[in-house]
Structure formats: structure tokens, C-alpha cells
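One structure below.
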Amino acid sequence: VTAARGLTGKTVTISKARNRPIPLSDGVILAVTIHPSALLRIRDEREKRAAYNGFVADLKAARAQLRRAAA
């Protein structure tokens, strides 16, 4: 995951970082998920649906994290 590596300075895998907020040195919390364009490249409909559902769940988790931080 190149974007996450660029932000953390470490190799980050989606499977290990997903649903686990990663605090950065500047106080920002990083949420890792797949790139939306990856959904367009999945040919198998079941895999695509599962990936889409995981992506939506990641976004909801990030939203919840933001709400907790703002409270």
C-alpha cells in the first residue's frame, strides 16, 4: 500500500491495518482501506461485492473515529 507507506514510513498491508486506526506523529489518525479504483478492476461479482462492502465498512469506521475525536 504505497499511500500508507508514504504516510507512515513503514510497509503497511491493508489486511493488517484495516479497522485499526494508526496514529501519526502529527496527531492525525490514519485509516487504511483499498483505493476505490480497485473495486472497478475486480471481475468476479461476489469478490467485487465483498470488497465494496469492506470499503463501505472502512469508511463508516473512519467516520465513527472522526465523530469520537470531535466529541
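- Note on L59: it clusters hydrophobically with L30, by side-chain heavy-atom contacts below 4.5 Å among ILVMFWY residues.
- Note: the hydrophobic cluster containing I34 also contains V56 (ILVMFWY, side chain heavy atoms under 4.5 Å, direct or indirect links).
- Taking the side chain as every heavy atom from C-beta outward, T33 and I14 never approach each other to under 4.5 Å.
- Nearest heavy-atom pair, V12 versus A17, reported as atom, atom and distance to 0.1 Å: CG1-CB, 3.5 Å.
- A distance of 8.5 Å separates OH of Y52 from CG of L39, quoted to the nearest 0.5 Å.
- Both I22 and V28 sit in one connected hydrophobic cluster of ILVMFWY residues. Membership requires side-chain heavy atoms under 4.5 Å apart, directly or through other members.
- The side chain to side chain contact (heavy atoms under 4.5 Å, CB included) test with E45 singles out one residue from K48, R49, E47, and that residue is K48.
- In this structure, CD1 on I42 lies 10.0 Å from OG on S37, to the nearest 0.5 angstrom.
- The stretch residues 18-28 participates, sequence neighbours left out, in these side-chain hydrogen bond (donor to acceptor under 3.5 Å, both in side chains) pairs: R18-D58.
- For R68, the side-chain contact (heavy atoms from CB on, under 4.5 Å) partners at least two apart in sequence or on another chain are A64, Q65.
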